[in-house]
Amino acid sequence: MDFRTPHAIGDSINSAFEQIQNAGGYDHNWCLNTYKDGKGDDTQVCASLYSPKSGIFMEMYTNEPGVQFYSANFQGVGKDKDIIRKHGLKYPKHVSVCLESQKFPDSPNKKDWVQPTLKPGEKYYSHAAYKFSTK
């Protein structure tokens, strides 16, 4: 689950690693190095995706401490496998990916983690931006 060195998601999506097996792919939160000292730097890229097939390149920016990476582990399986989509296509498992900025899962139970609690009168600000280009 180490993407510090870029590689194809498909290279590891079916690995024997227990956490990948449990989720049927990726459905995990990464702690971002763009979040330091209680503040996220949403001017810095926190994650990126690239498709050599289409040339599409996506960069993600956020002020949140984490990003949830989900790899469509349940599309095209079970009761969903025979649903016809746009243009008559059936979407296979792992047909898409999603990057969601967020606090860490289980934060309310970990007092030393960034807390998601909002008290009366407090304001909440969260920012995520996705920049698309081609290579």
Side-chain angles (χ1 to χ4, degrees):
M1 294 188 12
D2 186 352
F3 285 95
R4 290 176 293 179
T5 301
H7 63 85
I9 295 166
D11 290 349
S12 56
I13 203 161
N14 295 311
S15 79
F17 183 57
E18 184 179 12
Q19 290 298 318
I20 299 264
Q21 291 294 308
N22 289 343
Y26 288 98
D27 191 3
H28 301 85
N29 183 272
W30 271 259
C31 301
L32 300 174
N33 62 9
T34 54
Y35 192 91
K36 295 183 175 111
D37 301 320
K39 184 169 172 35
D41 184 354
D42 60 2
T43 66
Q44 300 295 314
V45 174
C46 67
S48 62
L49 296 170
Y50 173 64
S51 169
K53 184 176 181 180
S54 68
I56 296 173
F57 182 60
M58 184 193 84
E59 296 171 300
M60 180 182 181
Y61 303 79
T62 186
N63 66 324
E64 293 289 354
V67 64
Q68 186 78 14
F69 169 37
Y70 178 65
S71 59
N73 305 334
F74 298 99
Q75 283 186 272
V77 299
K79 64 180 173 75
D80 197 36
K81 71 180 170 138
D82 294 321
I83 296 174
I84 303 299
R85 305 292 200 242
K86 190 173 183 178
H87 306 295
L89 299 174
K90 290 184 180 182
Y91 293 159
K93 183 177 182 178
H94 305 306
V95 70
S96 59
V97 296
C98 182
L99 296 176
E100 306 165 346
S101 62
Q102 65 180 36
K103 307 286 190 277
F104 305 135
D106 203 29
S107 291
N109 299 310
K110 310 290 187 196
K111 297 303 173 198
D112 55 332
W113 291 6
V114 178
Q115 291 299 303
T117 306
L118 190 65
K119 295 178 181 156
E122 291 182 335
K123 292 185 180 182
Y124 177 71
Y125 174 78
S126 180
H127 178 251
Y130 302 86
K131 178 183 173 186
F132 290 86
S133 60
T134 57
K135 284 188 179 188

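What you are looking at is a predicted structure, and each value in this text was computed from that prediction instead of being measured. The figures that follow rest on heavy atoms only: side chains count, while hydrogens, waters and symmetry mates do not.
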Shortest non-hydrogen contact between His127 and Thr62, atoms and distance = O-OG1, 2.8 Å
Measure across Gln102 and Pro65 and return the closest heavy-atom pair with its distance rounded to 0.1 Å.
-> O-CD, 3.6 Å
Shortest non-hydrogen contact between Gln68 and Pro105, atoms and distance = OE1-CG, 4.1 Å
Relative to Phe104, does Lys110 satisfy both conditions: NZ or CZ under 6.0 angstrom from the six-membered ring centre, and within 45 degrees of the ring's axis?
-> no
Would you confirm whether Ser107, through its side chain, and Val114, through its main-chain N or O, come within 3.5 Å as a donor-acceptor pair?
-> yes
Between Ser96 and Ala72, what is the shortest heavy-atom contact and its length?
-> O-CB, 3.4 Å
Considering only Ile, Leu, Val, Met, Phe, Trp and Tyr, and joining two whenever side-chain heavy atoms are under 4.5 Å apart, list the other residues clustered with Tyr26.
-> Met1, Phe3, Ile9, Ile13, Phe17, Ile20, Trp30, Leu32, Leu49, Ile56, Met58, Met60, Val67, Phe69, Val97, Leu99, Tyr130, Phe132
Asp27 and Tyr70 have their tightest heavy-atom pair at CG-CD1, 3.5 Å
Does His28 reach the main-chain N or O of Ala23 with its side chain, forming a donor-acceptor pair under 3.5 Å?
-> no
Rounded distance (nearest 0.5 Å) linking atom OG1 of Thr134 with atom OH of Tyr50 = 9.0 Å
With a cut-off of 6.0 Å (strictly less than), are more than 12 heavy atoms of other residues, nucleotides or ligands near CD of Glu122?
-> yes
What closest approach, in Å, do Asn73 and Lys93 show between heavy atoms, and which atom pair accounts for it?
-> O-CE, 3.2 Å
Just wondering, are more than 12 heavy atoms of other shown residues or ligands nearer than 6.0 Å to CG in Asp2?
-> yes
Between Tyr61 and Glu59, is any pair of side-chain heavy atoms under 4.5 Å apart?
-> yes
Using salt bridge (Lys or Arg N to Asp or Glu O under 4.0 Å) as the criterion, list what pairs up with Lys103, not counting sequence neighbours.
-> Glu64
